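Heavy atoms only: backbone and side chains are in, while hydrogens, waters and symmetry mates are out. Just so we're clear, the structure is a prediction, and the values are computed from it rather than from any experiment.
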Amino acid sequence: MASRIIPVEDFDLIIFGATGDLARRKILPGLLRRFIAGQMPPGARIVGSARTDMDADTFRADIRAAVAEYDPARADHPELDRFLSVIDYVPLDANEPGGWDRLRAALRPGVIRAAYFSVAPGLFGALARGMAEHGLADGDTRIVVEKPFGHDLASARALNAMLSGHFSEGQIYRIDHYLGKETVQNLMAVRFANILFEPLWNAHSVDHVQITVAETVGVAGRGDYYDKAGAMRDMVQNHLLQLLCMIAMEPPYHFDPDAVRDEKLKVLRALTPVDPGDIVRGQYRAGGDVPGYAADVGHSSRTESFVALKVRLANWRWQGTPFYLRTGKRLRARASEIAVVFRTPPHSIFDAAEPPQANELVIRLQPDEGIDLKVMIKEPGPGGMRLVQVPLDMSFAEALGEDGAELPDAYERLIMDVIRGNQTLFMRGDEVETAWAWTDPIVAAWEAGAERPQPYDAGSAGPEAAAELMRRDGRRWRGIAEVRTG
Ligand code: BG6
């Protein structure tokens, strides 16, 4: 099955913060892959910008080093030199007046212009203002804004108000890179391009939904940011809630940016306040050679590196179906998935010792993206009717052959969507604010209280209380290591 590469229109892309970690790790290597794939038109230009005073050749050498570090398979690619030749560099300090004229001179009039704000949120305002004051904010300009988008409702509102003073909502692309993951979009295809699931996609047939984003990494290296955020602000407010929206939303009338985002917003608005007894916070402690959270951030802290919670949606479709979310650092495996666990049949006609188990639809985000449907069948062989649950497992890499073996990274896809002017996979300002409005009271209660997160061993599945959160409802989490890695 050949995947089709549809080149985008000619563009100039400015990357502010071009020497930073995200640019070196994700954005520039991702652009190289799109260049190699033939998706970037030959004339397209990339202008890196950062405070460091250096010339374009030094910047290109740094990109070469970044590619060697983060995408070594392409370090010697024959197209790398051609890619580097479309890259320019302009030093600019967002808080200083110099540099803007040079930046403007490096850009072409009449082509799509995109500016990626890959900088600390404290600089968003200065960059937006600088662009507007220097004639770089006209209608064909798009800005891409990285998370964190505020740290609570008030700061997100202020950020939205500030950006909308210079750019229209149609020009603002708020990135949640989880929306760029292949399987997340596939979730919409599975739900809305098949008749199979939609009739069952409600509280009558779905017992509960589990969303897990488990990471093995700790917070070392970005402890300053993380310790002020915690898992709730860093992961739940954005990535996990966006996944929840994709699972729970009504069918949009069309696959169109605002139609999709209107439906997601309705889900966020339907979130009910969470009972404090339905939340478990955890913090990893040292295990083996792995340091604990306090050592990683350099001091004792009450910030959570793990959170599990039971969430409800007050609407007709989901009345009575809880959504269990969990995410954490330093867990047993890197495994992200959504499991839709259906109800068991109302009556079993079989005398089997084991009654039928619930069907499960598991959407694996990473690793090994794919979809797995667990169904009951007769256990093969003679000896009467015994039931067994088997997976109907579709790994995208296998199903799509060579083309599926290397799916584009979320950032690659999202940057191309920015150039195409397609905001479907980007968060609208009202979505972000509504997500904060729900998150704020949870975090405020923690900050006002004196309780510490529950310790869990690095390399485990999180605190025991998270398992209890499910157990007391007669349910259980899927094992974190159950996700295939093959
Ligand atoms: C980021 C968070 O948004 O997502 C990180 O700030 C987290 O803390 C990362 O590690 C996870 O992304 P991925 O794509 O590796 O699952």
Side-chain angles (χ1 to χ4, degrees), residues 8-35 39-40 44-52 56 59-60 62-63 66-67 70 83-84 86-94 99-100 103-104 106-108 111-132 134 136-138 140-149 159 162-163 166-180 238 408-423 425-427 432:
V8 296
E9 277 181 59
D10 196 11
F11 65 88
D12 283 352
L13 171 68
I14 312 160
I15 305 173
F16 291 114
T19 53
D21 181 61
L22 182 71
R24 297 183 81 248
R25 201 161 38 88
K26 293 281 186 189
I27 303 173
L28 287 157
L31 285 164
L32 168 64
R33 288 192 289 274
R34 291 299 90 209
F35 185 87
Q39 199 158 26
M40 267 176 69
R45 290 208 206 144
I46 299 165
V47 182
S49 184
R51 271 186 313 193
T52 315
F59 179 56
R60 291 186 199 117
D62 185 50
I63 298 173
V67 171
Y70 297 112
F83 173 70
L84 293 175
V86 307
I87 297 180
D88 199 355
Y89 181 81
V90 174
L92 184 142
D93 182 337
W100 286 101
L103 179 62
R104 200 156 57 139
L107 302 169
R108 295 167 297 164
V111 297
I112 292 166
R113 180 184 305 136
Y116 201 125
F117 290 11
S118 177
V119 296
L123 293 174
F124 290 174
L127 287 177
R129 210 175 320 109
M131 287 187 69
H134 294 85
L136 297 176
D138 57 39
D140 234 5
T141 301
R142 292 115 212 225
I143 58 167
V144 185
V145 191
E146 259 301 326
K147 70 173 272 256
F149 197 88
L159 205 48
M162 183 278 296
L163 291 177
H166 304 294
F167 297 93
S168 69
E169 181 62 33
Q171 293 178 284
I172 305 172
Y173 289 70
R174 296 176 194 78
I175 282 229
D176 183 312
H177 78 279
Y178 266 61
L179 293 179
N238 38 80
D409 175 73
Y411 282 92
E412 290 170 53
R413 182 190 315 268
L414 292 175
I415 295 171
M416 291 299 107
D417 277 358
V418 173
I419 308 300
R420 286 197 190 93
N422 185 345
Q423 290 187 304
L425 300 174
F426 296 83
M427 294 181 296
V432 179

Nearest heavy-atom contact between V90 and G99 is CG1-O, 3.8 Å
Restricting to side-chain hydrogen bond (donor to acceptor under 3.5 Å, both in side chains), what partner residues turn up for D62, sequence neighbours left out?
R24
Qualifying residues under side-chain hydrogen bond (donor to acceptor under 3.5 Å, both in side chains), relative to D93, sequence neighbours excluded:
none
Can you list the steps and then say if L28 with L32 is a side chain to side chain contact (heavy atoms under 4.5 Å, CB included)?
CA-CA 6 Å; L28 287 157; L32 168 64; over 6 Å; no
Would you call Y411 and L22 a side-chain contact if the rule is heavy atoms closer than 4.5 Å?
yes
Side-chain contact test, heavy atoms from C-beta onward, threshold under 4.5 Å: evaluate it for F426 versus V418 and give yes or no.
yes
Checking M40 against F11 for the side chain to side chain contact (heavy atoms under 4.5 Å, CB included) test, could you report, in this order, the C-alpha distance in whole Å, the side-chain angles of both residues, the deciding distance, and whether it holds?
CA-CA 9 Å; M40 267 176 69; F11 65 88; 3.7 Å; yes
Close side-chain approach of L84 to I63, heavy-atom, < 4.5 Å:
yes
Student check: side-chain heavy atoms of F124 and M162 closer than 4.5 Å
yes
May I ask you to test the D176-K147 pair for a side-chain heavy-atom distance under 4.5 Å?
no
Using the rule side chain to side chain contact (heavy atoms under 4.5 Å, CB included), only one of V47, I87, L31, V144 pairs with I15; which is it?
L31
Donor-acceptor contact below 3.5 Å, side chain R34 vs main chain E412:
no
Please report the shortest heavy-atom distance between A410 and H177, naming the atom on each side.
CB-O, 3.2 Å
Residue pair P91 / S49: nearest heavy atoms and the distance that separates them:
C-OG, 4.5 Å
Run K26 and D409 through salt bridge (Lys or Arg N to Asp or Glu O under 4.0 Å) and show every step you take.
CA-CA 8 Å; K26 293 281 186 189; D409 175 73; 3.5 Å; yes
S118 backbone acceptor or donor facing E146 side chain under 3.5 Å:
no
Residue R25 excluded, over 12 heavy atoms near CZ under 6.0 Å
yes
Donor-acceptor pair, side chain of Q39 and main chain of R33, under 3.5 angstrom
no
From the list R113, R142, R108, salt bridge (charged side-chain N to carboxylate O under 4.0 Å, His left out) with D12 holds only for R108
Going by the angle between their ring planes, with limits at 30° and 60°, are F117 and F16 parallel, tilted or perpendicular?
perpendicular
Quick one, W100 and L136 - any side-chain contact, counting heavy atoms below 4.5 Å?
yes
Nearest heavy-atom contact between T141 and Q171 is O-NE2, 2.9 Å
Where do L414 and L425 land on the side chain to side chain contact (heavy atoms under 4.5 Å, CB included) test, with the steps shown first?
CA-CA 7 Å; L414 292 175; L425 300 174; 3.7 Å; yes
When you look at CD of E9, are more than 12 heavy atoms from neighbouring residues, nucleotides or ligands closer to it than 6.0 Å?
no
Quick check: do H134 and L103 have side-chain heavy atoms less than 4.5 Å from each other?
no
Audit row: I46, Y116, side chain to side chain contact (heavy atoms under 4.5 Å, CB included) steps and yes/no
CA-CA 11 Å; I46 299 165; Y116 201 125; over 6 Å; no
Main-chain N/O of E169 paired with Q423 side-chain donor or acceptor, under 3.5 Å:
yes
For A94 and A126, which heavy atoms make the closest approach, and how far apart are they?
O-CB, 3.6 Å
